[in-house]
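Residues: numbered from 1 along the sequence shown.
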Amino acid sequence: DVTVTEGAGMLFTVTLNNAVSGGFSVTTGYTGGTATGGGLPLVSPEDYNNAPQVLNFAGTAGETQQFTVATLNDAILEGPETFTITLSASNSAIVDSDTATGTINDNDSAAITIGDVTATEGTGLQFTVTLNNAVANGFTVTSGYTDGTATGGLPVLTSPEDYNNAPQVLNFAGTAGETQQFTVATLDDAIVEGTE
């Protein structure tokens, strides 16, 4: 098994346990997992090069052959992704059922930011949440509220409550630069008070 950070080559080692007369070849194959294979040059959403590679063994006991699988350094935040290496020997007498797992770890980050909003009481405060970098498969964001000098409450708002503090859920597709908005209702009361 091999684990690398995306963008690095994955160096796999194949080992022959016993001697084989006349030598043989082994062809690599790729299956399953959460990573997506593709041909060179790799482009998103492809994660690794799945072109078959041929290894030529002389047939010596303990002999090793190595091959490298290229991976793509993309700009998308994603979890570790995997694929499986299979082997196919040219000599049918050789047991070639062993497999290896390739794991590609991500090196990206993403952040959400929210802008400040000012409004006159009785109007809605429309907040904008912005995602800076792409995120695979999207995600949700739930708003939360901590009172400063204003007092939160649930609809129907009544004094001394100033704003609706019910959580709101924003659904992000995961596109870099994406924005989502939500509105917080405020109470137009009849009390003279400072900015809250």
Side-chain angles (χ1 to χ4, degrees), residues 1-114 129-142 169-180:
D1 297 338
V2 175
T3 299
V4 298
T5 300
E6 65 180 13
M10 309 184 84
L11 182 66
F12 290 91
T13 301
V14 181
T15 304
L16 173 64
N17 63 344
N18 292 320
V20 176
S21 177
F24 62 98
S25 64
V26 172
T27 303
T28 62
Y30 309 86
T31 62
T34 53
T36 301
L40 295 176
L42 295 171
V43 293
S44 185
E46 297 167 344
D47 300 299
Y48 70 97
N49 179 16
N50 63 1
Q53 300 191 45
V54 178
L55 312 176
N56 294 306
F57 281 81
T60 308
E63 180 181 356
T64 61
Q65 296 290 335
Q66 294 182 312
F67 66 99
T68 301
V69 174
T71 65
L72 177 67
N73 184 11
D74 60 26
I76 301 170
L77 178 65
E78 53 204 347
E81 298 175 299
T82 63
F83 62 94
T84 300
I85 298 280
T86 60
L87 304 173
S88 177
S90 62
N91 183 334
S92 61
I94 298 171
V95 177
D96 56 7
S97 59
D98 193 34
T99 62
T101 299
T103 302
I104 305 169
N105 288 326
D106 193 41
N107 62 356
D108 299 299
S109 64
I112 51 172
T113 55
I114 185 168
V129 180
T130 303
L131 171 65
N132 66 340
N133 291 323
V135 176
N137 303 318
F139 62 98
T140 61
V141 172
T142 303
V169 177
L170 311 177
N171 295 304
F172 280 81
T175 307
E178 179 180 358
T179 61
Q180 297 291 336

Task: Any side-chain donor near an acceptor of the partner, Asn73 and Asn107, under 3.5 Å - done: yes
### Query
Mind checking whether Ile94 and Val20 have side chains closer than 4.5 Å, heavy atoms only?
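Yes - at least one pair of side-chain heavy atoms lies under 4.5 Å apart.
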inquiry  = Are the side chains of Thr113 and Val129 in contact, using a 4.5 Å heavy-atom criterion?
reply    =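 They are not in side-chain contact.
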Exercise for the section: On the 0 to 90° scale, with breaks at 30° and 60°, tag the Phe67-Phe12 ring pair as parallel, tilted or perpendicular. Expected result: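 Ring orientation, 0 to 90° scale: parallel.
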Could you go through the side-chain contact (heavy atoms from CB on, under 4.5 Å) check for Thr101 and Phe83 one step at a time? CA-CA 6 Å; Thr101 299; Phe83 62 94; over 6 Å; no
Spell out, as yes or no, whether a donor-acceptor pair under 3.5 Å connects the side chain of [X] to the backbone of [Y].
| X | Y | value |
| --- | --- | --- |
| Thr34 | Thr82 | yes |
| Thr71 | Ala8 | yes |
| Tyr30 | Gly37 | no |

[atom1]/[X] to [atom2]/[Y] distance, rounded to the nearest 0.5 angstrom?
| X | Y | atom1 | atom2 | value |
| --- | --- | --- | --- | --- |
| Asp108 | Ile76 | CG | CD1 | 8.0 Å |
| Thr103 | Glu81 | OG1 | CD | 10.5 Å |
| Thr86 | Asp96 | OG1 | CG | 9.0 Å |
| Ser90 | Phe57 | OG | CZ | 10.5 Å |
| Thr36 | Leu72 | OG1 | CG | 10.5 Å |
| Thr27 | Leu87 | OG1 | CG | 9.5 Å |

Exercise for the section: Just do the side-chain contact (heavy atoms from CB on, under 4.5 Å) check on Thr3 and Asn105 with the steps written out, would you? Expected result: CA-CA 7 Å; Thr3 299; Asn105 288 326; 3.3 Å; yes
Residues pairing under side chain to side chain donor-acceptor pair (under 3.5 Å) where one sits in residues 43-70, two or more places apart or in two chains, turn out to be Thr13-Gln66, Glu63-Gln65
*Should Asn132 and Thr130 be marked as a side-chain contact (heavy atoms from CB on, under 4.5 Å) after you check the CA-CA gap, both sets of side-chain angles, and the distance that decides it?*
CA-CA 6 Å; Asn132 66 340; Thr130 303; over 6 Å; no
Residues Thr99, Ile85; criterion side-chain contact (heavy atoms from CB on, under 4.5 Å); working and verdict: CA-CA 5 Å; Thr99 62; Ile85 298 280; 5.9 Å; no
For Ala70 against Leu42, the heavy-atom pair lying closest together =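 Distance-wise, the nearest heavy atoms are O-CD1, 3.8 Å.
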In short, Ala61 meets Ala19 closest at the heavy-atom pair CB-N, 3.6 Å
